[in-house]
Amino acid sequence: MGSLQVWKCRNAGFSSQKTSEGKMRFTVTSAAFILGLSATVALAEGNLNIYNWGEYTSPELIEKFSKTYNVHVTLTDFDSNDTALAKVRQGASGFDVVVPSQSFVPTYIQEGLLAETNPGQMENAKNLEERWRDPAFDPGRKYSVPWLWYTSGISVNTTAFKGDINTWKVILDPPDELKGKINIVPEMNDIMFAAIKFEGGAWCTSDKALLTQVRDRLVEAKKSWLSIDYAGIQRMATGDVSASLDWSGSALKRRTENHSIAYGLPREGFTYGSDNVVVLKDAPNLENAKLFQNFIMAPENAALNSVYAKYGAAIIGAEKYYSEDMKGAPELVIPDDMKSKGELLTLCDPKISQLYSRIWQDVQK
């Protein structure tokens, strides 16, 4: 599930710098906010250092955790999975908790970067939705807890385009009315997945002939794009951008700003995934990190993040705490007839990823 969009922190006493937009989590580079709140119930003490996507953490959630456990929380933002992984690999980061996308979790595990906290055995694990209880990227939930989940698709201003939005053709072979008004978020795996599926291939294919078609398709499509930019998603509200590769929660946010915006899941295939809370092996505050993992699996707490970021929680019962604009929102539902088209995004073999990276670099020239 990238980086995301730019919103305002809604709690007094919190501040963060904002830059670009991505997966509805927002990119805030080197920004941090710190809470030191007195607690009425001191069940724990000390600190907790969180490393997460920018504007993707509910201030209310942090305040509630801090008050409940008398823990001083520091939140530092990153702008991409690659940035976070590189920082953690250096060692001695000082962070306790990191929130990578599910496609990166196996790398953290394989490289021995995580503490085996066994959140699948914690008290609140009973609240995990069935589909997120035993994921292939972390069997038995030995390391991770779902933060929020998402799909990838296309946001379209239906005033500008009244045709079929459930196809990657909208951005890869666009109609005249959308040319020059398309934004692509600079997420290589998302756009490569879209192009490969549009050309009839399978994700992680190494078929050279098909990848040549993919490259040619993207280079030609780029002529119709206005921007390759996270912040471009925001311009949909003003009408400067009429279509964008997008994510479910970001699309919902856009629709609340402009009711002409709709979200499509391409029938050629789309990705879904989750971001996940993991605890670093060298976490300075291991026990507080475990408390946090259990804490966010409570429905009312998971919902605080959902309401803030507009993405779905992977927790049973969280929906009843959603804001009105989220209840029944089509962006947060995968229709039954589209479920077979969704794929949990995974990282490809390094050699294949290098092929994809070269194609993406060519497209961006």
Using the side chain to side chain donor-acceptor pair (under 3.5 Å) rule, take Asp246 and Ser244 through it: C-alpha gap first, then chi angles, then the decisive distance, then the call.
CA-CA 6 Å; Asp246 208 349; Ser244 182; 5.4 Å; no
Check against side chain to side chain donor-acceptor pair (under 3.5 Å), Asn47 and Asn285
CA-CA 7 Å; Asn47 301 303; Asn285 306 285; 4.7 Å; no
Start with the C-alpha distance between Leu61 and Tyr308, add both sets of side-chain angles, then the distance that settles side chain to side chain contact (heavy atoms under 4.5 Å, CB included), and finish with yes or no.
CA-CA 10 Å; Leu61 176 81; Tyr308 180 73; over 6 Å; no
For Leu211 and Arg215, what are the C-alpha separation, side-chain angles and deciding distance, and is it a side chain to side chain contact (heavy atoms under 4.5 Å, CB included)?
CA-CA 6 Å; Leu211 291 178; Arg215 179 195 175 280; over 6 Å; no
Determine, stepwise, if the pair Lys310 / Asp325 fulfils salt bridge (charged side-chain N to carboxylate O under 4.0 Å, His left out).
CA-CA 9 Å; Lys310 303 303 180 188; Asp325 61 347; 2.9 Å; yes
Could you check Tyr311 against Asp275 for side chain to side chain donor-acceptor pair (under 3.5 Å), going step by step and ending with a plain yes or no?
CA-CA 11 Å; Tyr311 283 87; Asp275 297 307; over 6 Å; no
Would Thr238 and Asp240 satisfy side chain to side chain donor-acceptor pair (under 3.5 Å), going step by step from the backbone distance to the final call?
CA-CA 6 Å; Thr238 63; Asp240 296 328; 3.0 Å; yes
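Taking the six-membered ring wherever Trp is involved, the centroid distance between the rings of Trp203 and Tyr356 falls below 6.0 Å. Note: Phe104 and Tyr108 fail the aromatic proximity criterion, with ring centroids not under 6.0 Å apart.
Both Phe292 and Trp132 belong to a common hydrophobic cluster when Ile, Leu, Val, Met, Phe, Trp and Tyr are linked at side-chain heavy-atom distances under 4.5 angstrom. Grouping the Ile, Leu, Val, Met, Phe, Trp and Tyr side chains by contacts below 4.5 angstrom, directly or via other members, places Ile171 with Val156. Transitive grouping of hydrophobic side chains (ILVMFWY, heavy atoms separated by less than 4.5 Å) keeps Val307 and Tyr321 in distinct clusters. Linking ILVMFWY residues whenever their side-chain heavy atoms come closer than 4.5 Å, directly or via other members, places Ile228 and Leu245 in the same cluster.
With a 6.0 Å radius and a threshold of 12 heavy atoms from other residues, nucleotides or ligands, Lys208 has its NZ atom at or below the threshold. Within 6.0 Å of NZ in Lys222 there are more than 12 heavy atoms belonging to other residues, nucleotides or ligands. Within a 6.0 Å sphere centred on NZ of Lys126, other residues, nucleotides and ligands contribute more than 12 heavy atoms.
Of the possible polar contacts, none joining the Asn288 side chain to the Leu48 backbone as a donor-acceptor pair under 3.5 Å is found. Looking at Trp147, its side chain does come within 3.5 Å of a backbone N or O of Tyr56 through a donor-acceptor pair. Using a distance-only test at 3.5 Å, with no hydrogens or angles considered, no donor-acceptor pair links the side chain of Trp360 to the main chain of Pro186. Between the side chain of Asp77 and the backbone N or O of Glu55 there is no donor-acceptor pair closer than 3.5 Å. Between the side chain of Ser242 and the main chain of Lys181, no donor-acceptor pair closer than 3.5 Å is present. Looking at Thr167, its side chain does come within 3.5 Å of a backbone N or O of Lys169 through a donor-acceptor pair. A donor-acceptor distance shorter than 3.5 angstrom exists from the side chain of Arg133 to the backbone of Leu128, with no hydrogens or angles considered. Judged by distance alone, with hydrogens and angles left aside, the side-chain atoms of Gln121 form no donor-acceptor pair with the main-chain N or O of Gly140 at under 3.5 Å. The backbone N or O of Asn276 sits nowhere less than 3.5 Å from a side-chain atom of Gln102 that would complete a donor-acceptor pair.
Shortest non-hydrogen contact noted between Phe161 and Pro175 is CE1-CG, 3.4 Å. Shown here for Ile315 and Ala302, the closest heavy-atom pair between the two residues is CG1-CB, 3.6 Å. What you find for Ser306 and Gly312 is that their closest heavy atoms are OG-C, 3.6 Å.
Note: Tyr69 and Phe65 have tilted aromatic rings, judged against thresholds of 30 and 60 degrees for the angle between ring planes.
Distance check: Leu344 CG to Tyr272 OH gives 5.0 Å after rounding to the nearest 0.5 Å. Rounded to the nearest 0.5 angstrom, Asn127 CG and Glu129 CD are separated by 10.5 Å. A distance of 11.5 Å separates CD in Gln213 from CZ in Phe198, rounded to the nearest 0.5 Å.
Put simply, the side chain of Leu172 does not reach to within 4.5 Å of the side chain of Glu199, judged on heavy atoms. Here the side chains of Ser93 and Tyr51 are not in contact, with every heavy-atom distance at 4.5 Å or above. Using a 4.5 Å cut-off on side-chain heavy atoms (C-beta onward), Asn49 and Asp96 make contact. A heavy-atom distance below 4.5 Å is found between the side chains of Leu210 and Ile196. Counting heavy atoms from C-beta outward, Lys290 and Met122 have side chains that approach closer than 4.5 Å. Two residues are said to be in side-chain contact when any heavy atoms from C-beta on lie closer than 4.5 Å; Trp225 and Val363 meet this criterion. No side-chain heavy atom of Glu343 sits under 4.5 Å from any side-chain heavy atom of Phe270. Using a 4.5 Å heavy-atom threshold, the side chains of Lys320 and Pro299 count as separate.
The residues Lys64 and Glu60 are annotated as not salt-bridged, no charged nitrogen and carboxylate oxygen being separated by less than 4.0 angstrom.
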Please report, to 0.1 Å, the donor-acceptor pairs under 3.5 Å made by any side chain of residues 260-267, with sequence neighbours excluded.
from: Ser260; atom 1: OG; to: Thr159; atom 2: OG1; distance (Å): 3.1
from: Tyr263; atom 1: OH; to: Thr151; atom 2: O; distance (Å): 3.0
from: Tyr263; atom 1: OH; to: Thr151; atom 2: OG1; distance (Å): 2.9
from: Tyr263; atom 1: OH; to: Gly153; atom 2: N; distance (Å): 3.0
from: Tyr263; atom 1: OH; to: Ser248; atom 2: N; distance (Å): 3.4
from: Arg267; atom 1: NH1; to: Asp164; atom 2: OD2; distance (Å): 2.9
from: Arg267; atom 1: NH1; to: Asn166; atom 2: O; distance (Å): 3.4
from: Arg267; atom 1: NH2; to: Asp164; atom 2: OD1; distance (Å): 3.3
from: Arg267; atom 1: NH2; to: Asp164; atom 2: OD2; distance (Å): 2.7

